[in-house]
Protein chains: 2
Amino acid sequence: MPTIKYYLREGLLPAGVLTSPNQAHYDDEHLRRLRLVRALADVGGLSIASVREVLAAIDTRDESLHNKLGAVQEAISQPSAVELDPLAIEDVQGFFARQGETECADVTESNVTHMLAAALSVARSVGHDQFRDLLDPYLEGLKIIAQADLDYIARQSTRDDIIEAMVVGTLIGDTVLKAVRRLAHAQVSRDVIGDGPVGPAS
Amino acid sequence: MPTIKYYLREGLLPAGVLTSPNQAHYDDEHLRRLRLVRALADVGGLSIASVREVLAAIDTRDESLHNKLGAVQEAISQPSAVELDPLAIEDVQGFFARQGETECADVTESNVTHMLAAALSVARSVGHDQFRDLLDPYLEGLKIIAQADLDYIARQSTRDDIIEAMVVGTLIGDTVLKAVRRLAHAQVSRDVIGDGPVGPAS
DNA sequence: GGATAGCAGAGAGTGCCGCTATCCATTCAG
DNA sequence: CTGAATGGATAGCGGCACTCTCTGCTATCC
């Protein structure tokens, strides 16, 4: 309960309707918002500040859904302090070019591309400069996944539900994907590698 | 540099070889280990304690690769304090049954299945009880991705390289997947939804 | 009508985590 | 011989997510 008061103070939850100077009333919408906050923080692992940003993006009224998705993506992808490897940036640009994407002049422009470049930079720093080869097959698989995401979003009836499904689906979807990927790895490991060593033994 | 001393103290890096009481020698292996630690912490977002667990799993010599992957997966999937919804547990079990997996008697047995159940629980708590429908298409896409991961692992020559590629590929792969998924979403949003609203306007 | 229990709001305090700064003894370079 | 640097250990710091407490006020029970 003190946590709720803290969230109120932090502006994550709208203030309740004061029925008297010391009595506020909270309706279902507040509860829904509270659960959303917990979902973003618990499963999404977002900081309080990031949650606030996401909520702000959700609550901004006068934006197209496409722009809102972009704003939410920026909010949930806080940039890390990793310094970018120029070669990793080239990897990203090459990937974009291969997909016939619009030019990606500045990778640091968007938090998402920055995150991608940062990940590839770190991969390079530990000697995995071939990691970029995974981008294309990843996109291949993600096309199926993104289509499922879109279908799921399309089930929603109201605009508010669509927006929430975008946020929830993106963040919870990340965690679900992570877990299922682990399961897929374990299965592949069991089937292909088996319990014995693969490649050069020991 | 003080950070390295801290990592040494925390047992994340092995002590250097003392050439004299105040002079230790660190070789390439130390540097490689240090970069791995930073990779796990920076991109993987792991806590120091989790990094230590992962390193311990890596360094355990007498285990099959399959077991080692399992240990690493447990280490990098720290369970959240979310209480599990029984219906979400059923979702997970149904998913396992559909895949003809071995029975999953206890979802909390593994951190990975626990993470999956936790994510679905939180989805249910925010009203998305249909989220489990995404599990099958997610697995569909992830089969492609896991195959790419396996191919990447198979490129490694030594057993140590394989183990490191498993760790790095899993964690950095998560981040890369996240980023590319965002990009795929943005592309779908641009192509399908466009800049106008979809479904019931406003 | 008076005691009491309860809530809103706000500031200060707490615990943990990931460093960072300081200290001392040693020791190596010039 | 002197000064800068290193290893080892201890203490401190800053940020974050709460949590505690204190102050007014009020609604209610007796």
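Below, all heavy atoms of this structure are taken into account, side chains as well, without hydrogens, waters or symmetry copies.
Summarising the geometry, the separation between OH on B:Y7 and P on C:dG18 is reported as 9 Å, rounded to the nearest angstrom. When the C1' atom of C:dG18 is taken as reference, atom CG of B:L40 falls 16 Å away, rounded to whole Å. The CG-C1' distance, from B:L12 to C:dG18, rounds to 11 Å in whole Å. At whole-Å resolution of the value, CD1 in A:I4 and P in D:dT19 are 11 Å apart. For the pair A:K5 NZ and C:dA10 C1', the computed distance is 9 Å after rounding to whole Å. The CE-P distance, from A:M1 to D:dC18, rounds to 16 Å in whole Å. A:L13 places its CG atom 15 Å from the C1' atom of D:dA17, with the value rounded to the nearest Å. Atom C1' of nucleotide D:dG8 and atom CD of B:E10 are separated by 14 Å, given to the nearest angstrom.
Evaluated for a side-chain contact (heavy atoms from CB on, under 4.5 Å) with A:L12, the options A:L36, A:I48, A:L34 yield exactly one hit, A:I48.
Bending across the helix from C:dG1-D:dC30 to C:dG30-D:dC1, expressed as the angle between its end axes from five pairs apiece, amounts to 20° (10° rounding).
In this structure, a donor-acceptor pair under 3.5 Å is absent between the side chains of A:H114 and A:T108. Between the side chains of A:D133 and A:Y138, no donor N or O sits under 3.5 Å from an acceptor N or O.
For C:dT20, one of the phosphate oxygens OP1 or OP2 lies less than 4.0 angstrom from a side-chain nitrogen or oxygen of B:T3.
For A:Y6, whose side chain is taken as the heavy atoms from C-beta onward, the closest listed nucleotide among C:dG9, D:dA17, C:dC19 is D:dA17.
Checked for salt-bridge contact, B:D161 and B:R32 meet the test: a charged N lies under 4.0 Å from a carboxylate O. By the 4.0 Å N-to-carboxylate-O rule, B:D160 lies close enough to B:R61 to be salt-bridged with it. Ion pair B:R182/A:D174 flagged as a salt bridge, since at least one NZ, NE, NH1 or NH2 atom sits closer than 4.0 Å to an Asp/Glu carboxylate oxygen. A salt bridge does not link B:R155 with B:D149: every distance from a Lys NZ or Arg NE/NH1/NH2 to an Asp or Glu carboxylate oxygen is 4.0 Å or more. The pair B:D28-B:R33 does not count as a salt bridge, with every side-chain nitrogen at least 4.0 angstrom from each carboxylate oxygen.
For D:dG7, its base never sits under 3.5 Å from the side chain of B:R9 at any donor and acceptor pair.
Within residues 44-52 of chain A, the residues having any heavy atom under 4.0 Å from DNA chain D are, by residue number, A:S47, A:I48.
The neighbour count for B:D27 CG, taken as heavy atoms of other residues, nucleotides or ligands under 6.0 Å away, is above 12.
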